[in-house]
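Scroll down for the structure; my scribbles are underneath it.
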Amino acid sequence: MCGIIGYTGKKLNAKNTVIAGLKNLEYRGYDSSGIAVNEDGNINLYKAHGKISNLENSLNGRDVLSSTAIAHTRWATHGEPNETNAHPHKCGSITLVHNGIIENYVELKNELLKNGVTFKSETDTEVACAYINYIYITEKNKIKCLAKACSIFRGSYAFAIIFDDEKDTIYATRKDSPLIVGLSDEGNFAASDVSAILDFTNKYILLEHGEFAKITKDDVKIFDGSENILEKEVKTATWSATEYKKNGYDHFMLKEINEQPDVIEKIFSRYLENPNYNEIDFSKFDAIHIVACGSAMHAGMVGKYLFQNYANIPVTVDIASEYRYSTQSITTSTLVIIISQSGETADSLAALRLAKDKGATTLGIVNAVGSTIAREADICIYTYAGPEIAVATTKGYTSQVAILSTLVINAMKQNSMLSNDLLNEIKNDFNNISSILKDIIKNKDIYVNAAKKIYEKNDLFFIGRGIDYAVCMEGSLKLKEISYMHSEAYAAGELKHGTISLIENGTPVIAVATNDDLYEKTISNIKETKARGAYSIFITTSNFDSSSFEDFSDISVILPKTTEFCQAIVVSCFLQLLAYEVAKLRNCDIDKPKNLAKSVTVE
Ligand code: F6R
């Protein structure tokens, strides 16, 4: 949510360097962008509405050599996306870019207004900038000035700052929004994440809350708020620059869908019999709470189904933004599983911290190595899915489901609930998963034809029972977020309790029925929608008798049958491809859907 990069150095052109880095951060927000550059001793600001390419175009032809720059790509919180609200902001001798929300900005703004300060934008960021400037009038020690301002700010922030009297130095600090400091022989960086700097270096320092970086062309110092120098570990990024490129695919989403066969296969071989899992003794816990947002929460729903139905362990699944303010019982005997691709989602992080405060054991299922949730959870299981750039998650989600499957299998072993027959079936699936997913992707006609039948509709419903309901929740989210087609997912038996009134002639209903015991029940529910004119797309598995499908489906899609430890992944892969094709037919910006951003670091 908002991307920041700053660079200071002599060897590279700062303007071009930060624009290149900013492009790798565009997934964090893309409604406006801006840059502040030290050009021949003047801090000049350039801003543009919309994507970074607009900023780049507006800068074309300006080849002034610059040594220092800070840049920002925005996902608007306070104030609509326009050039005035775009970052950087400059107040007096301070220029800064910000990711996060200053929650007490109204109070601070009123204080500043009384002191004669005026504002141009509607943003909380300009208030933060003006407030730092206000403190700097009397506190000339820059670290102490920033420490004082940060002690007054409430909310979350990552700042990269240039002071007018030290134009080739970048100061940076953070709280609850990520920020790293990149190190290279060509100069040094501040950035929201490593993706921004990988074209230049893979060496970085993780900045923590309460730390202040002073970054110059050939030196980086990290201080605490009292200006004591801190020794920090220099880390090496595990992801490479090429992983951030489309590598020939039209979209990152398609590339990431195509990476799933490999990612999922690796997870199963890495974790099925991982001895580290033995440290998670499920018998120790009275309750398991799975907490996450969006697709990660949908992965949690699959996990809940598997834990309850196979390991006989009751599980609750909560949306992190609700859980963090709930009064439900979290005790020292609770296992709280936080699922997060980015490892930085503000609500999920707050839920993790709440659980830790209450003495629960916390387990993070995280993709981004070294992210805050990964570091703060008592136990972290990495999905190792590689960077996910498309805003809509695909491999991030299926890799979370895969990890949950292996956790449940481990819990079953501990409970002595895993028969040899089932284990063999599961192992067989795990051996075949890569080719199963590759076949689904390869059979393009099936999902392209289905997409052609539905892409002009306005509303669509997904129905399913049990694990299929959880999969429908994710399928529906995927479709609506990238194609802007209204879609809802319902437990198949629930539709008739109200929502069926929306079904009319031609309304598409995508029904998923993969579970042997629930199959016939779901068919009855499909027939109820057909009787009211629905256009039915039926997704099922190869073990059911296809001769009857025509009675209740306009299109039927038959996917390979697996155990339920893989089935959600198999069906989801198909639904991702369907959503992708629908979005393509509707000419949507697939990797950067409107109003969205990846890595939601604000509440
Ligand atoms: C949807 C999507 C989001 C994320 C959610 C949580 O495609 O990507 O719903 O799943 O914002 O993000 P993480 O997993 O980073 O915590």
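The figures here come from the full heavy-atom set of this structure, side chains too, leaving out hydrogens, waters and symmetry mates. Atoms within each ligand, like the ligands themselves, are counted from 1 in listed order.
Between H251 and Y580, the two ring planes are perpendicular [angle over 60°; tilted spans 30° to 60°]. The aromatic rings of H98 and H87 lie parallel to each other, with less than 30° between the two planes, well short of the 60° mark. In this structure, H209 and Y157 have perpendicular ring planes: the angle between them is above 60°, well past the 30° mark.
Annotation: atom 11 (O) of ligand 1 to nearest protein heavy atom, V600 CG2, 4.1 Å. Scanning all protein heavy atoms for the shortest distance to atom 5 (C) of ligand 1 gives C293 O, 3.5 Å. Among protein heavy atoms, the minimum distance from atom 15 (O) of ligand 1 is reached at S342 OG, 2.7 Å. Regarding atom 7 (O) of ligand 1, its nearest protein heavy-atom neighbour is E481 OE2, 2.5 Å. Atom 12 (O) of ligand 1 has as its closest protein heavy atom T345 OG1, 3.5 Å. Looking only at protein heavy atoms, the nearest one to atom 9 (O) of ligand 1 is S295 N, 3.1 Å. Shortest contact from atom 14 (O) of ligand 1 to any protein heavy atom: Q341 N, 2.6 Å.
Which parts of ligand 1 touch S340 is read off a 4.0 Å heavy-atom cut-off, strictly below it: atoms 13 (P), 14 (O), 15 (O), 16 (O). Interface atoms of ligand 1 facing G294, defined by a heavy-atom separation under 4.0 Å, are 9 (O). Near K478, meaning under 4.0 Å from any of its heavy atoms, are these atoms of ligand 1: 1 (C), 7 (O).
Contact analysis puts V391 in contact with ligand 1, with a non-hydrogen atom separation below 4.0 angstrom. The shortest separation from a heavy atom of E344 to ligand 1 is not under 4.0 Å, leaving the residue out of contact.
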Derivation and outcome, side chain to side chain contact (heavy atoms under 4.5 Å, CB included), residues L437 and I569: CA-CA 9 Å; L437 297 178; I569 296 169; 4.1 Å; yes
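Looking at M297 against ligand 1, nothing comes within 4.0 Å, counting heavy atoms. With a heavy-atom cut-off of 4.0 Å, N367 does not touch ligand 1 at all.
Counting heavy-atom neighbours within 6.0 Å of K453 NZ, excluding the residue itself, gives a total of 12 or less. Annotation: K266, atom NZ; neighbour count of heavy atoms from other residues, nucleotides and ligands within 6.0 Å does not exceed 12.
Checking each of T236, V194, L198 against Y204 for a side chain to side chain contact (heavy atoms under 4.5 Å, CB included) leaves exactly one that passes, namely V194.
Y30 places a side-chain N or O within donor-acceptor distance of the main-chain N or O of P593, the cut-off being under 3.5 Å. The closest donor-acceptor contact from the side chain of Q567 to the backbone of P560 lies under 3.5 Å. With N367 contributing its side chain and G396 its backbone, the two residues share no donor-acceptor pair below 3.5 Å.
Every N/O-N/O distance between K598 and ligand 1 stays at or above 3.5 Å. On a distance-only criterion, S348 and ligand 1 share no N/O pair closer than 3.5 Å.
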